[in-house]
Structures are given as C-alpha cells and as structure tokens.
Amino acid sequence: MRLNKYIAQSGIASRRKADELTLSGAVTINGLVMDQPGYDVQDGDVVSVNGVVIRSEKKMVYLILNKPKGFVTTVSDDQGRPTVMDLVSDIEERIYPIGRLDCNTTGMLLLTNDGDLAYRLTHPKHHIYKTYRARVSGILSSERANRLRRGIDIGGFVTSRSNVEILKHGDHSTIVEIQIYEGKNRQVRKMFAAVGNKVIDLERIAIGELRLGHLKSGHYRKLTPREIEYLKRC
Ligand code: URA
C-alpha cells in the first residue's frame, strides 16, 4: 500500500497532508527517514510519524452486485471469460466475491475484502438462507415440491430441509422460490433435476434478510451500515 494511503488510513492526516509530512522528513520506515510518498509499505514495516509508530486501519468494503448472465464469479479467469470483477470500478481495495454463482445464474452477489465475514457467510453451519427464484421446465407438482422441501439426493449428497413456494404455473414452466442454506456446486439446478424439472432461469434474490431489491443488472452499490451490521450478526 502506498505510504500516503497508509498514513491516511491511520487517521492522523489526509493523503495530501501525509505527502507533506513525508517530504518534510517527519516519516520513518523501520527507523530510517523515508521522503518518498509513493513508497510501497510492506507487511512488517514499522511506520513512524514524528517519532510515533502508526498503524493503518484496513478499510473494509462491502458491495452488493446484481450479476448478469455470462460472468464468472472469480477474481480472474484462466480461460479469459468476463468475471464479476469487470463490473466493478472505482474500488481500490482488493475485494473478492463471497461465495459463487454459476456463470448463467443471475442476481445477488456480495463482494468484500473482509475475510472473516466472507468465511462466516459461506459456512453452512451458520444456516444463512439464500433465496433463489427459478423458472423450471414443466409442472412442479406439490409431491415434487415436498420432496425438495424434505431434502433430496443430488448425487452423493442429501440436501437439508428447504423452503419451497410455487409462485406461478405456466403452460410449459413453473416459477418457484426456493430457500437453501447449503452451497453445494450447482445445488439448486441439481435439486430440480433430481425431481425431473430442469432449471431454465435462476436468480438469487436474497441472502438472509438482505434482498437484491431494484438494483439493475450489472450494477452495484455499497451496503449501508445497517446492512453490514445485519450481516455481521448473522
Ligand atoms: N445453485 C445453483 O444451481 N446455481 C447457483 O449459481 C447457485 C445455487
């Protein structure tokens, strides 16, 4: 991290003031005067300003993104496909997605640089429900919906209880909301396939109580302090 940013994040000065302090010789790194504001502070460097050691508070960033189809949920892709990171600009911190959505799944994705929160939100023991809206082929009978609710074998793994609500029966497809708290690879698609209904479209609309709302496809925003508090309490 650049020295001026490091000093600014310690709370003692703005970046501009940090540059002035550095140029005036007030800043030392590991006991030696450092007069270059662009110096790249390394882990383990001891930074002092006017003889007082300072520590940079890591700025935490929390974003909610409405992921479109065709973007992979990784920081970089070795096959050169577009990633969700291509949709995020203006964020200096090294953020990454919390959990995964398939390339063709749309909807709510959280991104952060808060490793503790990312770990807690993805661990199934915390039982945080994720809500998906799916359009599936054919009619989803109430008998099939009950099998999904009770838990179903998706090939070497039996899912836990889920909530299933049928929203609309069309002529050739059914719109369903399903809530699960596990995050097995392609779990929702496999669950519907196991009862004989293929997923045509899949969108994640909520994580716990936090809803995607009216965020446009491909757009993102910062979470509000209240939303961040909620996620930390989950
Ligand atoms: N289940 C799926 O099948 N796909 C997703 O992207 C998320 C959950």
Side-chain angles (χ1 to χ4, degrees), residues 63-79 81-88 95-112 117-138 140 144-168 173-213 215-220 231 234:
L63 302 181
I64 175 172
L65 166 79
N66 186 351
K67 179 189 155 330
K69 271 190 187 177
F71 286 78
V72 288
T73 312
T74 48
V75 173
S76 66
D77 183 57
D78 46 16
Q79 294 171 44
R81 292 172 296 181
T83 82
V84 290
M85 305 311 294
D86 298 332
L87 299 165
V88 179
I95 54 169
Y96 45 86
I98 302 182
R100 249 179 305 159
L101 288 178
D102 301 336
C103 190
N104 281 332
T105 301
T106 60
M108 183 169 175
L109 187 69
L110 299 175
L111 300 108
T112 188
L117 185 75
Y119 175 78
R120 276 193 283 127
L121 288 182
T122 45
H123 203 295
K125 86 170 181 204
H126 293 294
H127 285 209
I128 300 163
Y129 274 99
K130 322 269 181 338
T131 308
Y132 296 86
R133 186 167 295 166
R135 188 160 71 90
V136 301
S137 63
L140 184 78
R144 288 180 179 187
N146 278 336
R147 284 169 60 203
L148 290 170
R149 288 186 185 106
R150 282 195 298 266
I152 189 153
D153 191 335
I154 55 169
F157 178 80
V158 178
T159 59
S160 301
R161 293 186 74 82
S162 65
N163 298 319
V164 177
E165 190 185 351
I166 297 172
L167 300 183
K168 195 172 164 203
S173 62
T174 308
I175 311 277
V176 200
E177 262 183 34
I178 180 163
Q179 289 186 313
I180 58 170
Y181 63 79
E182 298 135 328
K184 295 285 172 205
N185 190 25
R186 302 175 71 80
Q187 180 165 337
V188 173
R189 291 173 196 275
K190 286 178 183 167
M191 288 173 76
F192 282 105
V195 294
N197 297 82
K198 186 175 174 345
V199 168
I200 301 165
D201 290 310
L202 186 61
E203 179 186 24
R204 181 155 69 189
I205 56 171
I207 295 177
E209 307 275 298
L210 208 67
R211 299 191 74 83
L212 180 60
L215 198 57
K216 284 196 195 134
S217 176
H219 287 222
Y220 65 93
L231 289 175
C234 268

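Order of listing sets the numbers, starting from 1, for every ligand and every atom in it. Treat the numbers as computed from the prediction; the structure is a model and nothing was measured.
- Ring geometry for Tyr129 against Tyr181 counts as perpendicular: the plane angle is over 60°, on a 0 to 90° scale with 30° as the lower cut.
- A donor and an acceptor atom, one from each side chain of Arg189 and Thr105, are located under 3.5 Å apart.
- Taking every heavy atom of Leu101 and a limit of under 4.0 angstrom, the matching atoms of ligand 1 come to 6 (O).
- Within ligand 1, counting atoms from 1 as listed, the ones closer than 4.0 Å to a heavy atom of Tyr132 are 7 (C), 8 (C).
- Closest to atom 4 (N) of ligand 1, if we only count protein heavy atoms, is Asp102 OD2, 2.8 Å.
- Given atom 1 (N) of ligand 1, the protein heavy atom at minimum distance is Val188 N, 3.1 Å.
- No more than 12 heavy atoms of other residues, nucleotides or ligands shown are found within 6.0 angstrom of CZ on Arg100.
- When each atom of ligand 1 is checked for a heavy atom of Thr105 under 4.0 Å away, the hits are 4 (N), 5 (C), 6 (O).
- Of the residues Glu177, Glu209, Gln179, the one that meets the side-chain hydrogen bond (donor to acceptor under 3.5 Å, both in side chains) test with Thr131 is Gln179.
- A side chain to side chain contact (heavy atoms under 4.5 Å, CB included) with Ile98 is found for one member of Ile207, Thr122, Leu231 and no other, namely Thr122.
- Below 3.5 Å of separation, one finds an N or O of Arg186 facing an N or O of ligand 1.
- Residue-level proximity to ligand 1 for Leu202 is carried by the side chain, the only part with a heavy atom below 4.0 angstrom.
- Atom NZ of Lys190 has more than 12 neighbouring heavy atoms from other residues, nucleotides or ligands inside a 6.0 Å radius.
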